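So the structure is just underneath, and the comments pick up after that.
From a predicted model like this one, the values you see are computed outputs, not experimental measurements.
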Amino acid sequence: NGAGVRPKQDAHPKTNRAPTPCTDQQPAMLLSADKFERSGSGRARIAGVQLQSACGEAITSAYFGQVVNLVVRVDVVAVCCGLTVAFYVKDRRRLEVIGTNSENEGQPLYDVSGGQSYVFQFGFAARLKPGLYSVTVLLANSSQASEFYDWMEDVVSFEVLPSSRAIYALYSPPIELAITHQLSLA
């Protein structure tokens, strides 16, 4: 679909080839968020959440380094003095491994009216140790959150598949290494 953030994507671990380009297609429908427990004032509601490939296809697994998009649909019920969407990717021990919010990413919304809907698309590379992960999504008035509008734990689960590359930490960002040869002083 061409929208959203597209970080550099690593080659597939088995074929060592870059992923095939996306075709022009409609984004997949978001899963309903109505069946999950939630808390918050309800001034804005999480209407749907889905993990998608860079091409907009719904996915439940990703390989190490694959670019994924977390897509969150928000329905504003009443006037909100600020709207920030945040998410946390948690491992099986409930440790927050990745997390950010729309305000920290430079896209705050101020004073939104009831009756509006927004779709937030967070793109990131799944540079995670193989295993199961869940996603918590929340809506607040700002990143400093004096009011939470909606909060949903474990609204999406996904698996990071084993890689041919050794992964030593829960999150493995790209690392740059430089080695210089030093002349001996002896």
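Across every non-hydrogen atom of Val160 and Lys129, the tightest pair is CB-O, 3.9 Å. Nearest heavy-atom pair, Asn69 versus Ser53, reported as atom, atom and distance to 0.1 Å: ND2-O, 3.6 Å. A pairwise comparison of heavy atoms in Tyr149 and Cys81 identifies OH-N, 3.7 Å as the closest pair. The nearest pair of heavy atoms linking Asp154 to Arg94 is OD1-NH1, 2.8 Å.
Partner of Leu83 under the side chain to side chain contact (heavy atoms under 4.5 Å, CB included) criterion, chosen from Asp111, Asn141, Val112: Val112.
For the residue pair Gln52 / Gln50, a side-chain donor-acceptor distance below 3.5 Å is found, with atom types taken as modelled.
Note that CZ of Phe158 is 8.5 Å distant from OG of Ser134, once rounded to the nearest 0.5 Å.
Residues forming a ring-ring contact (aromatic ring centres under 6.0 Å, His included) with Tyr88 (at least two apart in sequence, or on another chain): none. With sequence neighbours excluded, the residues that form a side chain to side chain contact (heavy atoms under 4.5 Å, CB included) with Leu95 are Asp91, Arg93, Leu170.
Relative orientation of the Phe148 and Trp151 rings is perpendicular, given thresholds of 30° and 60° on the angle between their planes.
Residues Phe124 and Tyr171 keep their aromatic ring centres 6.0 Å or farther apart.
Linking ILVMFWY side-chain heavy atoms closer than 4.5 Å, directly or via other members, places Leu70 and Leu161 in two distinct hydrophobic clusters.
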